[in-house]
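The chains referred to below are lettered A, B, ... by the order of the sequence lines, with proteins before strands, and numbering in each begins at 1.
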Amino acid sequence: MKETEKIGPLLQAFHKECDAAASPGEWNDVRVKYLGRKSVIMEMMKLLKTLSPEDKKTLGKEVNKAKAEMERALEEKKRAVESCKGQIAVDWTLPARGVLPAKVHPLTTVRRQMEDIFIRMGFDIRQGPDMETEWHCFDALNIPETHPARDEQDTFYLNREKMVLRTHTSPVQIRTMLEEKPPIYMIAPGRVYRNDVPDASHSPVFHQVEALAVDENITFGDLKGVIYAFLSELFGSGVKTRFDNSFFPFTEPSAEVYMSCFCGGKGCSVCKGSGWLEIGGAGMVDPEVFRAVGIDPEKYTGFAFGFGLERMAMLMYGVPDIRYFYENDLRMLTTM
Amino acid sequence: MKVTWNWLNEFVDLDGLALEDLEHRLASQGLHIEEVFCPSDRIKEVYIGYITRVEKHPDADRLQVCHVDMGEKGTLQIVTAAPNVREKAFVPVAVEGAVLHSGMVIKKAKLRGVESRGMFCSLEELGLEEHSEGIFLMEESPEPVRGAPALPYFGLDDTVIDFEITSNRPDCLSVRGIAREVAMAAGRPLKTPPLQIRESNTAVTDKIGVEVKDSAKCLRYTARVIQGVSVKESPLLVRCRLALVGLRCINNIVDATNYVMWEYGLPLHAFDRSGVSGGKIVVRKASAGEGFDTLAGEHLQLTDEDLLIADTKRGIALAGVIGGENSEITPETKDVVLEAALFDPVSIRMTAKRHNQKTDSSYRFERGMDFEAVETSSQRAASLIALWGGGELCRGMVDEKSTSFEPRRALSLRVSQIPRHLGISLSQDEVSLLFQKLDYDIIEEREGLISLSVPSGRFWDISREIDLIEEIARFYGYDKIPESLPLLKMRKGKSDKRTLFYREIEMILLANGFYECYLYPFISEELMKKIGYEPGDRPRVVNPLNRDMEYMNPEPLLGLVKAAETNLKRGAGAVRLYEWGKSYPSFEGEAETLSFLCAGFEPKTVYSPGHELGYFDAKTIIEGLLEKAGCREAERRESRRPVWAPQSGFVYMVNGKEALEIGMLRKDLADIFDIRQEVWGGYARTAALAERFQPGRSFVPFSPFPPVYFDLAFVVDSSLPAGELESEIVEQGGALLEECRLFDRYEGDRLPSDKKSLAFSLTFRSQERTLTEKEIDGIIQKIVARMKKVFHAELR
Ligand SMILES: [Zn+2]
C-alpha cells in the first residue's frame, strides 16, 4: 500500500533532521514539521478514518509506531539542546562569582624554586636565629676580631655583649656542623642584615640561600658541578658559569660565581655590557672552620656557596629596584 | 686601588698589550677591575697656546684680552679674569667645543662686548686639583710646542684602572704587586725601575739612632736621613700622577713617601729631624694614659697596648697609624728622617680601632706589609726626596730587625692533596714549576712532597698548605677545573612536617585573598612606647640606620600596618596582608610568627553589596588555622596584648601555649598610620601550632541511611551568644544529630527590642537505620524543653 511505504523514508528524514537540531528553536521546528497539525503523520492519522478496517489496522499500527518513535527521539533530544535558564538575559561578559586566590610574595616563589631544586639534589633545609652570637657569625667562620675582613660586613650590633644581627646565613652552617656529623648536605635560606643605606641594589635587610656540603672526597669540581646543576635547573641548560678567584675567610679556595647573562653574552644594561651576571660567592670550606666545629679536615672536605634571593628574583622577574620587595605595594604583589 | 697604565708599564712590559686582553684573566686570578677611566675620554680639545699680547679690557677692570698663538691653529683672542695671566707664557687653552673635567663645554662668547674664543685652564679644570688659584703657566724650557695637544704635558694621556683588592691581598695594594699579577696573566717578566741612590759621606748613624723596645709589635724599623732639603711642590708630572690615582698632594717630601707607598705598598713616614728630640727614635709601647697629638690636630689618650714611635722625650707618631704634630714636615723643614718599618698587623688594627683612627696607613699595615719591601721603599723614597727636594742623603740606613721573625715562611705541600681538594691531578713537576714562576723558592722536593718558601710579600696570606692549593687553582684557572657531582650516599630522610603545615596554612590565607608581605623587622623606640612597651633591655640595634630601625620588633603586626598604610594611601580600597616573620620580644624570645590583618572596605560587586572588613574576616583565618592544626576546641581567652583595643583581643590556647590571637588594632595606634578604618588582625605562633598538626588523615565511616531535616527557630535575649545556644543543641541532639547549622539571625520590629531570633537547621541521621519522624520528635522536644529551661528560649 502506498501510504505505508512513505513511513520508512519519513522516519529516515526525521532522524536526520532531529539529530542535526542544535538549539531549542531548531528542535521545535523539527517537532512541528513531523508531529504538528499539518505534518505527514497527522495527515495520515486523519486519513485513517476513511480507510477500511483492515487497512486502518495495518496503517494505524505503522503510523502509531512511527509517531511513538519520533516522540521518544524528540524527548531525548529536548534535554540535549536545552540551554541555560533565561538565556536571553545572561550577559556573558559579567565577572565570575568566585574570587581568585591571592599570591605569595615573589621572594617566596623564588626561594621555593631554589629550595625544591636543592631538596631534589639531596640537601636538607636548616635554619637559625637572626640575632646571632659573634662567635657563630664571625669567629667560627675564621673572621676573628683581629682580621680586617671583620669590618667588611657592615654589621648591625645589638645591645647585648657579642650579639649581632647575622650578616649572612653562614652561622647556620656552624650550628649544623656542631649538631650533626658528616655527611652533611644542607641549605640555609634566611633573612640577613647589613648596615647599608638602601638604594636600588642594596637593602639593610635581605635574604640569602646558602648551601653546604661536607663529606669525604668533596672537591672544587663538585662545587662547580652542583652550582651548574642548580643554575641550569633554574635558568635552563643553556646557562654558562664562570668562577673567578676571590676571598672569603671561611672558604679556601674562594670564588666569585658568575652566570651568563640573558642577552647571550652580547652585553646589555643588566650585565652592564659584560655578558656576565655576578650571582654569589663560593668556595671550599676552610680547614679553620672545620677545626672550630670539631670536624677533621684531613678526613672531610666540603664546599659552601651562597646566593642572594633578591638578586635572583630581580634577575628572574625583571624587578628594577630591590626596595620594591619591601614596599609591599599590592599593585606589584597582585600583578607579578 | 687605582693605578695608571703608564705607571704599571714601569714595572712590567705592557708593550703591545691592551687592557681588554688582560681584564678577564686578571679577574679570574682575583683582581677585579671596578672602573677604567681615560682622562682623554672626558677632557677634549685642550691645546698648548702662547700668549703674545695682553691688553686691558675696554669696559671691565677685572678682565684682560689676550692674543694667543696656537701654532698651526692660528691665533685666538681670549678674554680672561685670571690674575696671574701674563705675556710670553705658555698655557693650556680650551678652544671652542672643548670639554673640561667638570663636563663644562667651551663656547664662543662675548665678555662685556669683546669676543672670546676659548679659555685658559687651571689644574682644577683638568681634574688635577680640587681648587686652583689662577691659570696654569707652563715651564718655558724645554719649550712646549704651540698648538700641540695639552694632555700629554700633564701625563693625562694615560688610563686609570681601579682594582678591587680583597683583604687577603695587601701585596696588591701597590703598583708592583698588581704588576706581578699582570706579568703572570700576560706571561711577561717583571721590571724593576732603576734605583739611583747617591749617598754623602755623613753616616746616618751620626744623625739618628733607633731603639726598638717591642720587637713583637715592630718587626723591622729603618731610618734614613736627608739633610738640607727645600720643602716645595713636587714636580708637575708627579703631582698629576698622584692626582690621577686619587692621592692629595702635600709637598715634595710627603708626596715622595706617598708615591713610593703606591709603588711598593708600604706606608712610609717622614719626620722633621728638628722635631726628634735627642736625635733618637725609640719604638715602645705607650704608657697608659699617655697623651699624643696627631698631625690632624686630634688629641689621643693612649693605652699600654698602643705602639708609639717616640724620641727621647715624647711620642712623635702613633706607629703605622698617624704622625704627630710635633714632628710634621713644614715649609721650614731642613732635615728629614725617613721611616720605613713593618708593624704587627693585629697591633695596628687594634690601635686604629681603639682610637677611631682609620688611615690609609693603618689600612695597609693591618692587612700585612712586605718585610723585604722595607729596604727597597726606603731607598726609593730617600732618592726621590733628594731628587725633588735637593739636599744630601746620609750614608747607610739604620735597620733594626726582629730576630725571631722569618719573612720567608717555609711550607710543605703534599701533591696528593691537590686532587683531594680540587678534583684535578697535576704532576709534581708542573706544581713545582708553577710555584717557581710565582717567585716561591723550592727548598726541597721528595716524592709527593714539595717544601718551599713563600715570597715575603705573601707572608700574611699564604700560611697553610690549603693556601698553596688555592694558588695552584688560581693559576691553573678555576674555569679549567672540570665540573663533577658529589657521590652522595643516601641518608635517612627526615620528613619536614613544618614545611607541609606552612603550605597548608598558606592555602587558607591565599584562598581568602590575603597577600604575602616582606617586612623589615624593626620598630622605633617611640612606637614601642606608644604601644606600651618599656624598651628596657629589649633587643636593640646599637648602630641603627635610622630611628625607625632601632629596636627589634616584638609586634610584627605593626610592620603590616605600615604596609596597609602604604596601600590605603595609594588608593587600595581594602587590604588583606600577611607575613611569615619573627617577633623579638626578648633575646631569648625570637619566635617565628605569622601575622595577618585586614582593613578597609571590600567593594560592592554584582553579587554582593560590599562590606567593611572586620572581625569575621579575620576570624576566617583563625578558624582555618585551628582546623588545619586539628585543634578546633582550643580554649579561647581574653588577650591582654597591648596592641589590641580594649576587650577586642582573644588568644587561643593550644597545648597550654598561646598559639593564636585575634583582635582589633587600638585606634590610637591606627591613627599614627593615618588609618581611619578598623584594622583587625592576628598572630599565629607557628611552632606551637605545628606541634599539633598531623599531616596524616583518618577515615570516618559515614552512614548509608537517609537524613531527616528539622528547622528550629528560638527567640532569646539579644545578649545571648549564638554559640552557647548551639553547643547546648548539639549536646542535647546526641549521637543522631549529624549537623547543627545557624542559618538565620533576626532582630527587629517583629520582636521585642531586647530579643532576637536564631534559626538552626538540624540534620539527623543514624549509622544503623532509617530514622522515623517519631524518634526525631522526641529529640526535638527534649531540645526545646532544655532551651526553655536554660536560656528561657521560646520557639518562634
Ligand atoms: Zn646582558
Side-chain angles (χ1 to χ4, degrees), chain A residues 94-95 97 99 101-105 107-108 122 124-125 129-131 146-149 152 156-160 163 165 183 185 195 197 204-205 213 215 217-222 224-226 228-229 242-247 252-253 255 284 286-287 301 325-331 333-334, chain B residues 27-30 32 166-168 346 349 366-367 420-423 464 466-467 469-470 473-474 478-479 481-486 488-489 491 494 496 506 510-511 513-520 537 539-543 545 549 552 563 566-567 570 572 575-577 582 584 587 590 606-607:
Chain A
L94 288 180
R97 196 188 307 269
V99 179
K103 292 177 189 171
V104 298
H105 194 280
L107 290 177
T108 298
D124 299 324
I125 299 180
D130 294 20
M131 298 189 290
T146 52
H147 196 274
E152 282 165 10
F156 281 122
Y157 293 91
L158 294 170
N159 57 330
R160 178 174 282 191
M163 291 287 283
L165 288 177
Y185 292 88
N195 196 343
V197 177
V205 177
D215 206 339
N217 306 316
I218 294 279
T219 68
F220 195 89
D222 294 337
K224 288 184 66 179
V226 168
Y228 174 74
R242 198 183 101 200
F243 290 76
D244 283 351
N245 173 265
S246 190
F247 172 67
E252 186 85 354
M284 300 298 291
D286 195 288
T301 50
F325 291 120
Y326 294 90
E327 226 171 69
N328 301 302
D329 192 312
L330 281 167
R331 290 168 297 176
L333 299 180
T334 54
Chain B
S28 75
Q29 283 170 212
H32 287 264
T166 50
S167 60
N168 63 324
V346 175
R349 173 170 166 74
E366 70 175 351
R367 280 161 174 74
R420 179 169 177 256
H421 290 279
L422 302 180
R464 305 164 303 169
I466 193 70
D467 302 322
I469 291 172
E470 182 178 57
R474 198 158 79 87
Y478 286 178
D479 286 336
I481 297 175
E483 283 165 2
S484 53
L485 287 171
L488 210 89
K489 272 202 206 95
R491 294 161 299 153
K494 275 191 203 156
D496 189 0
E506 192 174 84
L510 298 179
F514 283 74
Y515 280 87
E516 189 187 17
C517 295
Y518 273 57
L519 308 170
Y520 285 180
D537 54 3
R540 174 172 59 87
V541 176
V542 297
N543 56 333
L545 265 182
M549 295 173 63
M552 298 306 289
T566 305
N567 281 293
R570 292 178 185 180
V575 289
R576 295 182 183 82
L577 307 171
K582 285 177 173 179
Y584 308 83
F587 276 98
E590 176 176 332
V606 181
Y607 312 105

Look at the side chain of [X] and the backbone N and O of [Y], then say whether any donor-acceptor pair between them is shorter than 3.5 Å.
X: B:Glu590; Y: A:Met131; result: yes
X: B:Asn543; Y: A:Tyr157; result: yes
X: A:Lys224; Y: B:Tyr478; result: yes

Is [X] in contact with chain A via its backbone, its side chain, both, or neither, using a 4.5 Å heavy-atom distance?
X: B:Arg349; result: side chain
X: B:Phe514; result: backbone
X: B:Val606; result: side chain
X: B:Gln29; result: backbone
X: B:Pro486; result: both
X: B:Ala511; result: backbone
X: B:Asn567; result: side chain

With a 4.5 Å cut-off on heavy-atom pairs, point out which of [options] contacts chain A the most.
options: B:Asn168, B:Ile469, B:Leu577; value: B:Asn168
options: B:Thr566, B:Leu545, B:Thr166; value: B:Leu545
options: B:Glu506, B:Arg570, B:Arg474; value: B:Arg570
options: B:Gly30, B:Ser484, B:Ala572; value: B:Ser484
options: B:Lys489, B:Met552, B:Met549, B:Arg576; value: B:Met552

Hey, which of [options] has the most heavy atom pairs under 4.5 Å with chain B?
options: A:Val226, A:Thr334, A:Asp130, A:Asn217; answer: A:Asp130
options: A:Gly122, A:Pro95, A:Gly221, A:Ala149; answer: A:Gly221
options: A:Ile125, A:Asp124, A:Val197, A:Val205; answer: A:Val205
options: A:Arg160, A:Arg331, A:Met284; answer: A:Arg160

Where is the tightest heavy-atom contact between [X] and [Y], given as atom of each residue plus distance?
X: B:Ala27; Y: B:His32; result: O-NE2, 3.6 Å
X: B:Glu470; Y: A:Pro253; result: OE2-CA, 3.2 Å
X: A:Leu330; Y: B:Val575; result: CD1-CG1, 3.6 Å
X: A:Leu333; Y: A:His105; result: CD2-CD2, 3.7 Å
X: B:Val346; Y: A:Thr146; result: CG1-CG2, 3.4 Å
X: A:Thr301; Y: A:Ile218; result: OG1-O, 2.6 Å

For this session: Could you tell me whether the side chains of B:Tyr515 and A:Asn328 share a donor-acceptor contact shorter than 3.5 Å?
Result: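 Looking only at side-chain atoms, A:Asn328 and B:Tyr515 do not form any donor-acceptor pair under 3.5 Å.
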Problem set entry | Ring geometry between A:Tyr326 and B:Tyr518 (parallel below 30°, tilted from 30 to 60°, perpendicular above 60°) |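 B:Tyr518 and A:Tyr326: perpendicular rings.
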Chain B heavy atoms under 4.5 Å from [X]: which part of the residue, side chain, backbone, both or neither?
X: A:Val99; answer: neither
X: A:Phe325; answer: backbone
X: A:Glu152; answer: side chain

Exercise. Taking atom OH of B:Tyr584 and atom CG of A:Leu165, what is their separation to the nearest 0.5 Å?
Worked result: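 With rounding to 0.5 Å, OH (B:Tyr584) is 7.5 Å from CG (A:Leu165).
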